[in-house]
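We count ligands from 1, going down the list as the structure has it; atoms in each ligand are counted the same way. Computed over heavy atoms, backbone and side chain alike; hydrogens, waters and symmetry mates excluded.
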Amino acid sequence: MKMNKDIIKNECKKQGIDSIIKYDEPLKNHTSLRIGGPADVFCSPGNIEDLKKVVSISKKYNIPFWVIGNGTNLLILDNGIKGLVINLNKGFKKIEFSDKIVKVGAGVSLVYLSKIALNRELSGLEFACNIPGTLGGAIINNAGFKGNFVADVVQNVTFLTGENKIEKASKSNLNFNYRESNLKGKSVIILEATMLLKKGNKEEIESKIKENIKIRENKQPLRKLNAGSIFKNPPGYYAGELVEKVGAKGLSRGKAEVSLKHANFIINNGGALAGDILYLIEEIEKRVKKNFGIKLEREIEILGEP
Ligand SMILES: Cc1cc2nc3c(=O)[nH]c(=O)nc-3n(C[C@H](O)[C@H](O)[C@H](O)COP(=O)(O)OP(=O)(O)OC[C@H]3O[C@@H](n4cnc5c(N)ncnc54)[C@H](O)[C@@H]3O)c2cc1C
């Protein structure tokens with residue numbers, strides 16, 4: 001269904017939320033790859049009341065919505081997103097500690113959260129020290145590093161459904177798995193999560209953080225535009241090694257290139273199109289399937305109009 005933007009504009013004005021709405025917003029401004037066409041409607045609600053109004057408009061006019069955090073695990077296609085994009089990284093940033101329990105808003109960045117936990121001598125988030133996403137995205141993907149995952153510390157998650165109802169799920173109901181939770185792909189907006197951390201020793205926490213940062217700086221193309229790992233590691237293999245073995249390291253198309261530093265990263269050398277990145281992804285998939293009989297699973301999520 002084609003959206004009538006004038007109707008949406010009037011409705012947003014009526015509900016007093018026009019200041020948080022943008023139209024035809026280029027999504028490349030909201031992704032770490034700096035790629036992505038426009039969103040018909042883009043909103044950054046700062047609180048639950050405004051968010052509920054947005055969801056009610058989506059419901060009333062039957063407009064599908066997508067949620068994005070920092071856009072660090074996304075390839076948004078060049079034709080953009082037809083519908084509504086809800087971005088939570090402007091609001092939802094509350095952090096409340098009660099001893100070892102911390103309640104965290106979905107828009108909080110993992111990097112910041114890891115720092116705050118260090119200052120309070122709380123351990124459990126050292127792995128998150130340089131994962132560039134928000135907590136919302138990290139829960140959806142069960143983000144992790146070197147054997148530690150968000151699922152290790154999350155106790156429960158509060159989210160808003162497409163029906164505008166606030167619900168809460170405990171960890172045991174979220175089916176966390178490798179880069180998966182059962183909220184992925186559902187029309188829900190994570191609002192906050194409660195985490196249980198451990199009392200730790202500041203020097204030890206800091207040294208773990210420094211070690212994690214060093215590993216990444218040595219191995220990953222952090223100074224280039226990227227969206228983290230493109231593929232999940234298949235059981236018993238490293239995706240990056242498979243990419244190298246099929247001769248795809250350094251492969252390029254337009255301004256997109258399979259990183260020479262880490263073959264499971266594709267970088268945008270400036271001005272790459274989503275189609276260039278997608279071409280490289282599909283080429284790697286074909287080669288790995290042909291040479292090893294392995295079907296690579298994508299870790300990066302592709303959104304938008306083909
Ligand atoms: C340099 C670099 C290094 C990285 N290293 C790692 C790593 O070590 N480990 C790792 O796991 N990942 C890594 N990533 C990938 C990425 O940072 C994580 O997956 C991160 O958790 C995604 O968070 P985000 O806010 O950017 O989510 P986005 O990319 O914006 O979205 C990811 C998914 O989460 C959904 N989502 C986001 N927020 C919400 C919300 N509030 N409610 C409902 N759904 C939501 C989106 O709809 C989408 O499905 C890396 C990325 C980069 C660029």
> If you draw a 6.0 Å radius around OH in Tyr238, do more than 12 non-hydrogen atoms from other residues or ligands fall strictly inside?
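Count not over threshold, so no.
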
> Tell me the protein heavy atom at minimum distance from atom 46 (C) of ligand 1, and give that distance in Å.
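It is Val67 O, 3.1 Å.
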
> Measure the spacing between CG of Leu278 and CG of Leu75 and express it to the nearest 0.5 Å.
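Reported value, rounded in 0.5 Å steps: 6.5 Å.
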
> Measure the spacing between CG of Leu135 and CG of Leu113 and express it to the nearest 0.5 Å.
6.5 Å

> State, without any angle test, whether Asn268 and Arg34 hold a side-chain donor-acceptor pair at a distance under 3.5 Å.
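Arg34 and Asn268 do not have a side-chain donor-acceptor pair below 3.5 Å.
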
> If you measure every N/O of Thr134 against every N/O of ligand 1, is any gap under 3.5 Å?
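Such a contact does occur with ligand 1.
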
> Near Leu222, which atoms of ligand 1 are under 4.0 Å from a heavy atom of that residue?
1 (C)

> Heavy-atom contacts under 4.0 Å between Ala227 and ligand 1: side chain, backbone, both, or neither?
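The answer is the backbone of Ala227.
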
> Starting from atom 43 (C) of ligand 1, what is the nearest protein heavy atom, named by residue and atom, and what distance separates them?
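Nearest neighbour among protein heavy atoms for atom 43 (C) of ligand 1, to 0.1 Å: Val188 O, 3.4 Å.
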
> I'd like to check which ligand 1 atoms, numbered from 1 as shown, lie under 4.0 Å from a non-hydrogen atom of Arg179.
9 (N), 10 (C), 11 (O)

> I'd like to know if Phe145 contacts ligand 1, where contact means a heavy-atom distance under 4.0 Å to any ligand atom.
yes

> For atom 42 (N) of ligand 1, what is the nearest protein heavy atom, given as residue, atom name and distance?
Ile190 N, 2.8 Å

> Between Thr72 and ligand 1, does any nitrogen or oxygen pair lie at a separation below 3.5 Å?
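Thr72 vs ligand 1: N/O contact under 3.5 Å present.
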
> Say whether Ala138, considering both its backbone and side-chain N or O atoms, lies within less than 3.5 Å of an N or O atom on ligand 1.
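Yes; at least one N/O pair falls below 3.5 Å.
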
> What residue and atom, counting heavy atoms only, is the protein's closest point to atom 8 (O) of ligand 1, and at what distance?
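Of the protein heavy atoms, Arg216 NH2, 2.6 Å lies nearest.
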
> Using a 4.0 Å heavy-atom threshold (strictly under), name the region of Lys184 that reaches ligand 1: side chain, backbone, both or neither.
neither

> Between Lys208 and Glu211, does any side-chain N to carboxylate O distance fall below 4.0 Å?
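Salt bridge present between Lys208 and Glu211.
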
> With no hydrogens and no angle check, is any side-chain donor or acceptor of Asn212 less than 3.5 Å from a backbone partner on Ile209?
no

> For atom 14 (N) of ligand 1, what is the nearest protein heavy atom, given as residue, atom name and distance?
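Looking only at protein heavy atoms, the one closest to atom 14 (N) of ligand 1 is Ile131 CG2, 4.2 Å.
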
> Between Lys232 and Glu180, is there a side-chain N and carboxylate O pair less than 4.0 Å apart?
yes

> Between Phe265 and Lys224, is there a cation-pi geometry (under 6.0 Å to ring centre, at most 45° from the normal)?
no

> With respect to Arg179, which candidate in Glu299, Glu297, Glu301 satisfies the salt bridge (charged side-chain N to carboxylate O under 4.0 Å, His left out) definition?
Glu299

> Among protein heavy atoms, which sits nearest to atom 1 (C) of ligand 1, and what does the distance come to when rounded to 0.1 Å?
Asn226 OD1, 3.4 Å

> Regarding ligand 1, does Gly69 bring an N or O atom to under 3.5 Å of one of the ligand's N or O atoms?
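Such a contact does occur with ligand 1.
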
> Tell me which one of Gly137, Gly144, Ser109, Ser187 gets a heavy atom nearest to atom 27 (O) of ligand 1.
Gly137

> Can you sort out which atoms of ligand 1 are near Ile68, meaning under 4.0 Å from one of its heavy atoms?
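The atoms of ligand 1 under 4.0 Å from a heavy atom of Ile68 are 30 (O).
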
> May I ask you to decide whether Glu244 forms a salt bridge with Lys249, counting only side-chain N to carboxylate O separations under 4.0 Å?
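Result for this pair is yes, salt bridge flagged.
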
> Determine yes or no for a side-chain-to-main-chain donor-acceptor pair under 3.5 angstrom, with Asp78 supplying the side chain and Leu273 the backbone.
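Not at all, since once roles are kept as given, no pair shorter than 3.5 Å links the two residues.
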
> Note the single closest protein heavy atom to atom 32 (C) of ligand 1, along with its residue, its atom name and the distance in Å.
Asn141 ND2, 3.9 Å

> List ligand 1 atoms under 4.0 Å from Glu301, heavy atoms only on the residue side.
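Those of ligand 1 that fall under 4.0 Å from Glu301 are 33 (C), 48 (C), 49 (O).
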
> Would you call Arg287 and Glu283 a salt bridge, taking side-chain N to carboxylate O under 4.0 Å as the test?
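Here Arg287 pairs with Glu283 in a salt bridge, since their nearest N and O are under 4.0 Å apart.
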
> Indicate, as side chain, backbone, both or neither, the part of Ile140 found under 4.0 angstrom from ligand 1 when only non-hydrogen atoms are considered.
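The answer is the side chain of Ile140.
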
> Considering heavy atoms of the protein only, find what lies nearest to atom 28 (P) of ligand 1 and give residue, atom and distance to 0.1 Å.
Gly71 N, 3.7 Å

> Side chain, backbone, both or neither: which part of Leu88 comes within less than 4.0 Å of ligand 1 when only heavy atoms are counted?
side chain

> Quick check on Lys199: does its NZ atom have over 12 non-hydrogen neighbours (other residues, nucleotides or ligands) under 6.0 Å away?
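Above 12, so yes.
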
